[in-house]
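Presented below is the structure to which this report refers.
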Amino acid sequence: ARTDRNQPITIDADKPGTVDMLKQVVVFNGNVVITQGSITIRAERAEIREGADGFRSAVAVGSGGQQASFRQKREGLDEYIQGTADRIEYEGRGDVVRFVGKAQVQRLRGSVAADQISGERITYDSTTEVFSVAGSTAPAPAEGAASGPGNGRVRVILTPREGSAAAEAAPAPASGASR
Amino acid sequence: CGFQLQRPPELPFRTIALTGFNPRSPLLAELRSRLGNTQLTENPAQAEVVLQALTDARERSVVATTAAGQVREVQLRSRFNFRVQARGGRVLLPPSELLLTRDMSYNETAALAKEQEEAQLYRAMEADIAQQVLRRLAAVQPA
Amino acid sequence: AAPAASAPSPAASAPAAPANPASSPAGQPVLLQADRISGRPDLDAVAEGNAELQRGPLTIRADKLSYDSVGDLAKAQGNVRITRGEDRFSGPELQIQLQRFEGYFLQPEYFFPSTGAGGKADRIDFIDDQRSQLWGATYSSCGADGSGTPAWLLGADRIKLDREANEGVAEGGVLRFYGVPILAAPKLSFPLTDERKSGWLPPSLDVDNKSGLGLGVPYYWNIAPNRDATITPTVMTRRGFSAEAQFRYLEPSFRGELNLHALPDDRVTNTARHAIRLFHEGDAPQGIHYSLRSVRVSDDDYWKDFSSQASSWTPRLLSTDLQADRSFRWNGIDATAYARVQQWQVLQQDDARIVAPYQRSPQLGLRGTSVLGGGFETAFETEINHFTRPTNGQLDLLPTGTRLHALGSISRPWRGPGWWLVPKASVNAAQYQIDRSAGGLYDNHSRTIPTVSVDGGMVFERQATWFGQATRQTLEPRLLYVNTPYREQRNTPNFDAWGKDFNAVSVYSENEFSGVDRVSDRNTLTAGVTTRLLDATTGVEKLRLGVAQRLQFRDQRVVANPDGTPNIDSVPEGAPDTQRLSDLLLFGSAALSPRWAVDGAVQYNPESRRAVRSLLSTRYSPGPFRTLSASYRLTRNLSEQLELGWQWPLYRRSAEQVRANAGACSGTLYGVGRLNYSLRDSRVTDSIVGMEYDAGCWIGRVVAERLSTGRSEATTRLLVQLELVGLSRLGSNPLKVLKDNVPGYQLLREDRDSGTDASTPAAF
């Protein structure tokens, strides 16, 4: 939510944080969990930096099979933005989170995934609520190649909200329709 | 020289259904009479093997006429196109065609007699086709 | 006759509603894929870099795609490609409301694989998923093969498509062939699917030396799902106005077809001319099946002048035949009761008169078979026939009268594995009641002729390899002994008897005549053997050879002349026995390889050491659309005929040109035809020679047909036809002529050709 960025940050980790004076960065290792307001970031390793303007930014990195994960509640809605990637960068000042490396982001409406986004790099700006996803810089695959997130292509699945034109015009959905 | 008496082809299945035939088709009657101890069922679902008739036709075309339009020679053709499937729909025999032809002389004055002779030739061809179909059915493995 | 016309949907087929409403949840999910996507949840999304949008069966691809979730509106720019089921559209810009499928497509191009045709339009308005409108649309099956303008092109100002009503309506339609407009129709409707639709069919063009140029424009009337009619008004330069109607009906208990052809005032003969052809069959209660087949024409020259409307395979003998029969089982007897009226109309011609066959008016009969105890089988047939002469105005002195006859037989068949033996005794009894005895030759008389016969045969089999293939060879010896005493048959008229051809079937039959009135007196033993080569696995018969001959222990006095007419007392009383051995019959047929088929039969008379009847025919067809056939038929002093038939590519565009063009065999010129030469008349009796040019998206056919109608007189007909693949056929229909007459002829466009009935018409 919008108020998240001026909430206190709490960080738990297996090992105590070590300060890297040179880069003005505090580094945590081992099951790091960072929470600030409705935001929760989990990763194997995390670096927290405090900017001159007082806003903090975090870089969380998964390792081995375990990707870093991010979860945040949307302003005024019972909806959550939840995603995983090899590396997650969160900037407190602009409330922008960047998922890099086989990124998967979902918007959950209650318990159901409304939108599913996958691609190489996904950025989500929760103040303007704009997400953008780009493929890897590798050259675009041949036309026939399977267009999946793996080869530079990005995928988004949008499920129209209940009241939108798409839903209305659909003939009365059978009872089995999923919400 | 290796000849022995031919055993009539025994069919390696107990029940068969004949579908796709015109109920009055003489070839259907001919096939029915040659099934021996294989049982004919009306409902294809229960039959181990289903023989489906795709075309079962008697054809006739004029092959020789006099200069004044009198028909002198007619070619009679018996055409039978069929396929054979096992109960589950597995194809035992892909669609194949049996086509027999016989020639018959013709004269308009003998229309009544030629009609009977034509019927006799068609029956002979249909008996031959039925025998060939039976022989192919005998070579089928429904299991 | 009404030409075949099949015009499946030429223009955009509006997309079907989502597979089925029940399955689509509240608005199906929209899948977006691209190089870059950005957007706001539940509001909008923009995809760039070969973007792709999928929703249910609909797929849109474009350089840039934007989707507005609230309005469910998709906009696509740049190289837009949309597919709906099979149909494909492409163009610069598209905007569409996905759920209601409402929107527009600018400068679209479209292609419909079902017809292999497509075109361009200025704009398509999708009204909903059933209706759409194309503005300034073109349609052709000639792909842009780089050869500039397509060979033929149907252009229209506006095409409205309504899939629900199964109708496409083109306004201001012009059909151009190589740029030349050959057909313009202000309003042109066509069905979108195969269902039948009323409307005008493409006109047919017919030229022949008897009626001149004939132009007919058929109208197809889809009266009801089970009834339809085709009415063809035709104008002929020499004969004037005529109309043809074909009415077809299919009811629960009966069905039929009625063809009428009327020429009120034939300017050549100044008479009214007409023809009626009716086929009607049905099932009445109590299992009675009845059928009526009748052909009547107005005058004797009808068959010469209107050969395209020729309605009987014997052009000069037209029958009217009403039959009814009922089969039943009655304590052990499988019986059939039947009744029939058979009348003839003979089209006489002075230089080649036809002696008309007898008419049965009526015939009533009962026939049956039953199996008695102890393995005995009986068969019987009793009939009463009133034989009359056709009355169409000729003096005819042949006898008429009523015949009551009974044929009966009892046999004791023994059948074992690979052998059979069937002794049989039968009787042919007939009682004649003469109305008109033509010179007192015949009077009321009856006669009974018994016959005893024994038929036995065996089938031997062995594995053998012939031509390197595993085959089963059978050897089938057969013997038939027949003994029929001579009975006086000169004083009974011959209504329906005629000599059978001497072939593999008739050689093993008891009576040399078919029909009832003549029974050949015999004391003969017929011996023969047949060998067959069967493919071991499939059982297909590869080769069959047979020989048969008859040994006569006593001279036969009731003999069939070579031309089949019965000849009684060919040998005067007490003359020395002469011919011991009958003619030798050799017969064979072979299908040695899929390309070659050979068939042959020779009936050789040892006395005159000459063939009495012989048939030799061969057909070589190495591939599709390539066939050559030749056959020689001889029936001593009756007919000697040579026939050649061919369908062969004469000129084929070089292979790369063909590959460049989509059509498999496009740009190929085919020669088609059949020649029938009668050696007795030393004259080509009838012949068909044609050319077919297949340019991939259109086929041009020119067929000349020459039907000999007299010693020195013939009808020649020229049929010209242009088939626009995927649209329809214009011009008369030589296809039926080719298919009926050229052995092995194969249509160039078998799959999309809806055959010769006007089942899916496009109305112009």
Side-chain angles (χ1 to χ4, degrees), chain B residues 1-9 23-24 59-75 93 96 98-125 127-128 131-140, chain C residues 289 303 313-317 319 344 346 349 351-352 354-358 417-419 458-463 474-475 495-498 500-501 503 505 513-515 534 537-541 563-564 599 601 615 631 633 635 638-639 641 643 676 678 681 683 685-686 707-711 740:
Chain B
C1 52
F3 277 107
Q4 346 95 355
L5 276 179
Q6 176 195 53
R7 291 176 325 290
R24 290 169 66 90
E59 293 166 12
R60 168 202 305 124
S61 64
V62 173
V63 288
T65 59
T66 66
Q70 293 151 310
V71 175
R72 283 298 167 265
E73 190 89 15
V74 172
Q75 183 182 59
L93 274 181
S96 57
L98 282 172
L99 173 66
L100 264 68
T101 64
R102 291 281 191 284
D103 268 37
M104 178 180 86
S105 72
Y106 191 82
N107 185 319
E108 278 81 357
T109 310
L112 302 184
K114 285 295 175 184
E115 192 181 298
Q116 284 187 11
E117 187 177 350
E118 178 181 280
Q120 195 187 15
L121 287 174
Y122 274 131
R123 275 197 303 275
M125 285 196 273
D128 205 329
Q131 200 187 15
Q132 287 197 36
V133 170
L134 258 302
R135 210 175 280 126
R136 291 207 194 173
L137 281 177
V140 144
Chain C
H289 178 80
W303 70 285
W313 61 282
T314 48
R316 292 181 52 199
L317 180 69
S319 89
W344 305 103
V346 178
Q349 190 171 309
D351 63 352
I354 289 182
V355 175
Y358 274 91
W419 62 273
M458 310 178 86
V459 179
F460 296 95
E461 204 177 83
R462 70 171 179 179
Q463 302 295 351
T474 70
L475 197 62
F495 294 128
D496 68 354
W498 196 268
K500 290 182 187 164
D501 292 348
N503 56 34
V505 175
F513 297 97
S514 57
L534 307 164
T537 46
T538 63
V540 168
E541 188 180 275
D563 67 357
D599 220 318
L615 150 76
S631 51
R633 286 187 177 78
T635 309
L638 184 61
S639 79
Q641 195 93 8
E643 181 199 285
N676 238 321
S678 158
D681 307 343
R683 194 172 133 73
T685 48
D686 64 53
L707 186 64
S708 155
T709 55
R711 205 58 73 231
D740 288 353

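We name chains A, B, ... by the order of the sequence lines, and we start the count at 1 in each one.
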**OP:** Give the member of R683(C), R462(C), Q641(C) that has the highest number of heavy-atom pairs under 4.5 Å with chain B.
**Re:** R462(C)
Original post:
Given a strict heavy-atom distance threshold of 4.5 Å, which part of E73(B) is in contact with chain C: side chain, backbone, both, or neither?
Top reply: side chain
**OP:** Could you tell me which of S96(B), A113(B), A124(B), A138(B) has the largest number of non-hydrogen atom pairs under 4.5 Å with chain C?
**Re:** A113(B)
Original post:
Heavy atoms, side chains only, cut-off 4.5 Å: are Y358(C) and T109(B) in contact?
Top reply: no
Original post:
Has the side chain of Q6(B) got a donor or acceptor atom that lies under 3.5 Å from a matching backbone atom of F460(C)?
Top reply: no
Original post:
Under a 4.0 Å N-O cut-off, is there an ion pair linking D501(C) with R102(B)?
Top reply: no
**OP:** Can you tell which part of V63(B) gets under 4.5 Å to a heavy atom of chain C, answering side chain, backbone, both or neither?
**Re:** both
**OP:** Mind ranking Q116(B), M104(B), R60(B), R72(B) by heavy-atom pairs under 4.5 Å with chain C and telling me who comes out on top?
**Re:** R60(B)
Original post:
Among D103(B), V71(B), L93(B), which has the most heavy-atom pairs under 4.5 Å with chain C?
Top reply: D103(B)
**OP:** Report the distance from atom OG of S319(C) to atom CD of E115(B), rounding to the nearest 0.5 Å.
**Re:** 8.5 Å
Original post:
Which one of G418(C), S631(C), P357(C) has the most heavy-atom pairs closer than 4.5 Å to chain B?
Top reply: P357(C)
**OP:** Find the distance between CD (Q70(B)) and OG1 (T685(C)) and round it off to the nearest 0.5 Å.
**Re:** 12.0 Å
Subject >> Y106(B)/W498(C) aromatic ring centres below 6.0 Å >> reply: no
**OP:** Check the pair T474(C), F3(B) against side-chain contact (heavy atoms from CB on, under 4.5 Å), reporting the backbone distance first and the verdict last.
**Re:** CA-CA 8 Å; T474(C) 70; F3(B) 277 107; 6.0 Å; no
Original post:
Does some side-chain heavy atom of Q120(B) sit less than 4.5 Å from a side-chain heavy atom of K500(C)?
Top reply: yes
Original post:
OG of S105(B) to CG of N503(C): how many Å apart, nearest 0.5 Å?
Top reply: 9.0 Å
**OP:** Rounded to the nearest 0.5 Å, what's the gap from CG on L615(C) to OG1 on T101(B)? Could you check?
**Re:** 8.0 Å
Subject >> Toward chain C, the part of E59(B) with a non-hydrogen atom under 4.5 Å >> reply: neither
Original post:
Heavy-atom distance under 4.5 Å between the side chains of L534(C) and R135(B), does that happen here?
Top reply: yes
Original post:
Tell me, do L112(B) and W344(C) make a side-chain contact under 4.5 Å, heavy atoms counted?
Top reply: yes
Subject >> Expected output: side-chain R316(C) to main-chain A68(B) donor-acceptor under 3.5 Å >> reply: yes
Subject >> Test item: N676(C) and T65(B) side chains (from C-beta on) under 4.5 Å apart, heavy atoms >> reply: no
